[in-house]
Amino acid sequence: MSEQDDNNAPAPDRDTANAATGSGLAAEKERRLALLDELRAAGTNPYPYRFDRTHTLAEVRDRWGHLEPGVETDDAVAVAGRIMLKRDSGKLVFATIRDRSGEVQLFISKAVVGDDAFDAIKSLDLGDWVGVAGTAMTTRKGELSVKAERIDLLAKAIRPMPDKWHGLHDVDTRFRQRYADLIINDEARHHFEVRHEMTASFRRTLAGHGFIEVETPVLHPEVGGATARPFTTHHNTLDMPLYLRVAVELYLKRLIVGGMERVYEIARTFRNEGVSPRHNPEFTMMELYQAFADWTDMMAITEELITTAARDALGTTVVHVRGEPVDLADPWPRRRLIDLASEGCGVELHPSMPIADVRRVAADHDVHVEERWGAGKIIEELFEATAEASIVRPMFVTGHPVEISPLARVDRDDPFLTERFELFVEARELANGYTELNDPVEQRARFEDEVAAKEAGDDEAGSLDEDYIRALEYGMPPTGGLGIGMDRLAMLLAGVDTIKEVILFPTLRPEVF
RNA sequence: GCCUCUCUAGCUCAAUGGUAGAGCAGUGGACUUUUAAUCCAUUGGUUCAGGGUUCGAGACCCUGGGGAGGCACCA
């Protein structure tokens, strides 16, 4: 259900018609607009330019929250917030205001503020922003309050807030009108606090390891770094097609070639694929590259980044996965993808097997196979069909076949596999890392395989990035690389099961007004 | 893209095919220590849109729209 209030009143005569009947949203807005006129007529600006506060509400609570019941102090404070609740008992009004840090009650006495100001305060609406000068006190029941001496309207709300008790449940409205969601739903605010703490934690951890944060192009002339369908766009004056990035890998590794040694980017990334509880068309990936390191270093820093982020965001490394507590500080098992697939199928699988044998296993498990797929790709499909869903607790799935890992270095002990891993939690891929392929000749050959796959009809296959090859020809040191899906990690930490809960403005169809 | 579910007042929700209701918000009134304040009174509806079936549709059918879950694709 989309918003109806405004399209209920497309014409001005409709507004006045509703206003005449005395209710409805249009009438409510009329009523509040009329209050604005009254305020202006009385010489009050309902939208003043600034307000100087002395304390946030959390600071008020920290400093005076311990007062015994019924204590009045002479400690002056100036606070600001949005009116969330109002309790009017005649010559005394209680209001609850909230700022970013918390909530505090206002104690407003007619005898203190005077008759005229009291009337003005009574006409304040839920949702209005106010600045309050007063003193700290507690009521007889012990509720910390600011005893108001003066209240200034800082911004008038013309539109009523959602239900003060039930909040805003309609998911469509919550995501479209995120402002309303954030005003009324504590959990919504909490999810984004967790996300912020997670990101800030990542930056601290990476700085501690000597990583440099960089920004690379969003507009790419070539698609590369991941197998995904891109968004396409066009630059007018250059008259050239451009792609929104599906990964930042190839640019960051150019920086490793350039000698930057340790770089990372927290990168908004775009993939022109389905929308689901786990997928948004634009999402955030943290990618890092570290010279002289390999995949084992990448697994170690993955564990450190994520457990530290949990501790920083939640105060604990214990998260809940499907209702079960999982301590991220416990070691994460490492299992080869081909072993998991073999167990899932009950048949020993390896990409060196004859393709016909692998296809037979796929047929036995009703796994669809494309003609152009090699054994490695089919084994990955078998892993996804038979094993992936059962990985609930954190696990590194390692050793992906070369065929599906065009940028990863071949395993030093097995020419059919790569030194690659993916972190899975709750059957979702959270991270992907490997020892980087730095041999320009081999990289060119791998790209040519990609191009062949694209020509064979795989529209997710990459193209040959000549400039990237040229960079490798200058020499890239041995390097480990890692990508972490920040939205999915935020989901894990916030304990939510849809990505829309951790993206402030998820992609939705345009609203019909 | 396909399947299923869903859409009623600003918000949260009711209404065996038979007069569209409640709580909150709003309005008027009472109340100087409330806590979702309480009490009395009260305004407010193109039931997502458009067709159809029916004596009668918020409900049943069809088409369209939004959203949610699932499948597919992917992270």
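Letters A, B, ... are given to chains in the order of the sequence lines, protein chains preceding strands, and every chain is numbered from 1.
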For A/Arg31, report the nucleic acid contact type (base, sugar-phosphate, nothing); a contact means any heavy atom under 4.0 Å. sugar-phosphate

Output field: ring centroids A/Phe231/A/Tyr243 closer than 6.0 Å: no

Does this structure show an ion pair linking A/Arg32 with A/Glu28, if we count only N-O contacts that are shorter than 4.0 Å? yes

Considering residues at least two apart in sequence or located in another chain, which fulfil the side-chain contact (heavy atoms from CB on, under 4.5 Å) criterion with A/Ala309? A/Met198, A/Ser201, A/Phe202, A/Leu493

B/rG67 phosphate, OP1 or OP2, under 4.0 Å from A/Arg176 side-chain N/O: yes

Taking the side chain of A/Thr227 as its heavy atoms from C-beta onward, which of B/rA75, B/rU12, B/rG10 lies nearest to it? B/rA75

Give, ordered by number, those residues of residues 81-99 of chain A having at least one heavy-atom distance below 4.0 Å to an atom of RNA chain B; if nothing qualifies, reply none. A/Leu85, A/Lys86, A/Arg87, A/Asp88, A/Ser89, A/Gly90, A/Lys91, A/Leu92, A/Phe94

Nearest-Å distance once atom C1' is located in both B/rC48 and B/rU43: 25 Å

Touch check for A/Gly274, heavy atoms < 4.0 angstrom, all strands: base, sugar-phosphate only, or nothing? base

Would you check if there is a donor-acceptor pair between the side chains of A/Glu380 and A/His400 at a distance under 3.5 Å? no

Tell me if a side-chain donor or acceptor on A/Asp181 pairs with a main-chain N or O of A/Leu168 at a distance below 3.5 Å. no

Describe the nucleic acid contact of A/Ala431 in one word from base, sugar-phosphate, nothing, applying a heavy-atom distance below 4.0 Å. nothing

Salt bridge flag under 4.0 Å for residues A/Arg245 and A/Glu265: yes

Could you tell me whether the phosphate oxygens of B/rA37, OP1 or OP2, come under 4.0 Å of any side-chain nitrogen or oxygen in A/Lys164? yes

Pairwise P distance, B/rC2 and B/rA57 [rounded to whole Å]: 32 Å

Quote, to the nearest angstrom, the P distance that separates B/rA20 from B/rU46. 14 Å

Going by an N to O cut-off under 4.0 Å, is there a salt bridge joining A/Asp75 and A/Arg63? no

Expressed in whole Å, how much space separates the P atoms belonging to B/rU47 and B/rA9? 10 Å

When you compare B/rC7 with B/rC11, how far apart are their P atoms, in angstrom units rounded to a whole number? 15 Å

Which is true for A/Asp487 with a 4.0 Å heavy-atom rule: it touches a base, it touches only sugar-phosphate, or it touches nothing? nothing

For nucleotides 68-71 of chain B, which of its nitrogen or oxygen atoms have a protein nitrogen or oxygen under 3.5 Å away, and what is each distance?
unit_1	atom_1	unit_2	atom_2	d
B/rA68	OP1	A/Lys500	NZ	3.3

Any A/Lys86 side-chain heavy atom under 4.5 Å of A/Ile121 side chain: no

Can you tell me how the ring of A/Trp332 sits relative to the ring of A/Phe396, calling it parallel under 30°, perpendicular over 60° and tilted otherwise? tilted

Could you tell me how far B/rG18 sits from B/rG28 if I compare only their C1' atoms? Round to whole Å. 36 Å

Give a yes or no on whether a donor-acceptor pair under 3.5 Å exists between the nucleobase atoms of B/rG10, that is its base, and the side chain of A/Asp163. no

For the side chain of A/Phe283, starting at C-beta, report the closest nucleotide among B/rA75, B/rU12, B/rU35. B/rA75

What's the gap between B/rU8 and B/rA59 when it is taken at their P atoms, as a whole Å value? 13 Å

Watson-Crick and G-U pairing of RNA chain B written in dot-bracket, each distance under 3.5 angstrom, with | for inter-strand partners: (((((((..((((....[..)))).(((((.......))))).....(((((..]....))))))))))))....

N/O donor-acceptor pair under 3.5 Å between A/Arg82 side chain and A/Arg98 backbone: no

Between A/His169 and B/rC13, is there a contact of a side-chain N or O with OP1 or OP2 at under 4.0 Å? yes

With A/Ser123 via side-chain contact (heavy atoms from CB on, under 4.5 Å) - residues at least two apart: A/Leu35

Any base atoms under 4.0 Å from A/Arg140, or only sugar-phosphate, or nothing? Heavy atoms, all strands. base

Contact under 4.0 Å: A/Arg271 side-chain N or O vs B/rC73 OP1/OP2: no

Checking B/rG26, B/rA36, B/rU12 against the side chain of A/Trp165 (C-beta onward), the nearest is B/rA36

Suppose we screen for side-chain contact (heavy atoms from CB on, under 4.5 Å). Which residues come up paired with A/Thr96, at least two apart in sequence or across chains? A/Leu85, A/Arg87, A/Glu103

